[in-house]
Amino acid sequence: GAVVSQHPSWVICKSGTSVKIECRSLDFQATTMFWYRQFPKQSLMLMATSNEGSKATYEQGVEKDKFLINHASLTLSTLTVTSAHPEDSSFYICSARRTGGLGNEQFFGPGTRLTVL
Amino acid sequence: AQKITQTQPGMFVQEKEAVTLDCTYDTSDPSYGLFWYKQPSSGEMIFLIYQGSYDQQNATEGRYSLNFQKARKSANLVISASQLGDSAMYFCAMREGPNTGNQFYFGTGTSLTVIP
């Protein structure tokens, strides 16, 4: 099956710093990628939809200036958490839709665990 | 209203027994897709099974089957012959519309524990 990678798999940073998370589709092109956040023992909450070559669409309540998304190519989307604070500590998961794929063709990355001290 | 409802926060099953994880959904779109994912403690979302709204037969993938009751708007996951490695969180999800690029709505999950 298709593979989506995320880098880094985990990161610890100081409060006030920025952290960039990469999401790559390794063997397929992805016009659309999604970014989710998952707090412990909770479900995945969609943060934003990232479309290649255009601005991301953010869900209500998600600060676009804090969570910067760049989908610069058909295989790479990045999420930058700017001026991170402890409440941003979470598990961030991306998923990628294979261009021209079938109904079940959306693949998840392994996730990135962010801890802000 | 919740798009996806999973009413079982935790379930226990004896090894080698079958278990059903409940999922109901809410949509007015005639075209939609239903998914089940397994999330072990590592956090990775593992795709298990997919059911399209127009599929006539219930989906099956190895030990996983989806009991699709369209009129009841339910899409329960049945795991047969449970194994210790099945212990994990299980999420039901729905994609509305025919476009595979549409977002997923996730349920709150069910934590399954397989007892030896």
Side-chain angles (χ1 to χ4, degrees), chain A residues 1-6 8-10 23 28-52 54 56-60 62 71 74 77 90-114, chain B residues 2-10 23 29-55 59-61 64 66 68 75 88-113:
Chain A
V3 178
V4 175
S5 71
Q6 280 185 241
S9 55
W10 59 270
C23 176
F28 66 98
Q29 292 186 331
T31 308
T32 304
M33 290 184 174
F34 301 90
W35 286 97
Y36 296 86
R37 180 168 53 184
Q38 185 181 29
F39 292 108
K41 299 192 184 300
Q42 294 189 23
S43 187
L44 280 71
M45 299 301 296
L46 180 68
M47 298 176 66
T49 302
S50 167
N51 293 298
E52 186 266 337
S54 63
T57 302
Y58 290 81
E59 294 300 299
Q60 193 172 11
V62 177
H71 194 155
L74 286 172
S77 176
S90 186
F91 192 57
Y92 292 86
I93 306 176
C94 73
S95 71
R97 170 210 170 194
R98 175 149 59 184
T99 304
L102 301 175
N104 58 341
E105 300 262 299
Q106 191 169 133
F107 304 95
F108 285 82
T112 296
R113 201 166 296 279
L114 169 64
Chain B
Q2 292 288 333
K3 293 280 188 182
I4 293 287
T5 301
Q6 292 180 255
T7 57
Q8 306 155 315
C23 173
D29 198 314
S31 177
Y32 52 89
L34 297 160
F35 304 77
W36 277 93
Y37 287 87
K38 173 184 178 181
Q39 188 180 43
S41 56
S42 62
E44 183 182 3
M45 294 290 282
I46 302 170
F47 166 75
L48 296 178
I49 199 166
Y50 165 79
Q51 180 87 42
S53 59
Y54 294 119
D55 292 344
T60 60
E61 289 285 350
Y64 304 107
L66 199 151
F68 182 42
M89 281 292 290
Y90 288 81
F91 290 97
C92 179
M94 176 177 67
R95 171 188 47 76
E96 287 180 311
N99 188 342
T100 59
N102 291 349
Q103 70 173 81
F104 278 28
Y105 297 95
F106 284 88
T108 50
T110 295
S111 176
L112 177 66
T113 302

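Atoms considered below: every heavy atom in the structure, side chains included; atoms not considered: hydrogens, waters and symmetry mates. Order of the sequence lines fixes the chain letters, A, B, ..., with proteins taken first and strands second; residue numbering starts at 1 for each chain. No experiment lies behind these values; they were computed from the predicted model shown.
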Structural part of B/Ser42 lying under 4.5 Å from a heavy atom of chain A: backbone
Most contacts with chain A, counted as non-hydrogen pairs under 4.5 angstrom, among B/Gly107, B/Pro9, B/Gly52: B/Gly107
Parallel, tilted or perpendicular: ring planes of B/Tyr37 versus B/Phe47, cut at 30 and 60 degrees: perpendicular
A/Ser77-A/Trp35 side chain donor-acceptor pair, cut-off 3.5 Å: yes
Largest heavy-atom contact set with chain A, pairs under 4.5 Å, which of B/Ile46, B/Thr108, B/Ile49: B/Thr108
Contact class of B/Phe91 relative to chain A, heavy atoms under 4.5 angstrom: side chain
Residues that B/Tyr32 engages under ring-ring contact (aromatic ring centres under 6.0 Å, His included), provided they are two or more places apart: B/Tyr25
Region of A/Leu46 that comes under 4.5 Å of a non-hydrogen atom in chain B: side chain
Donor-acceptor pair between A/Gln38 and B/Gln39 side chains, under 3.5 angstrom: yes
Option in B/Gly43, B/Ser111, B/Gly109 with maximal non-hydrogen atom pairs under 4.5 Å from chain A: B/Gly43
Cation over ring face, A/Arg113 and A/Phe91, 6.0 Å, 45°: yes
A/Gln6 versus chain B, the contacting section by heavy-atom distance below 4.5 Å: neither
Aromatic ring pairing B/Tyr50/B/Phe35, orientation class (parallel under 30°, perpendicular over 60°, tilted between): tilted
Engaged part of B/Gln6 at the chain A interface, taking heavy atoms whose separation is under 4.5 Å: neither
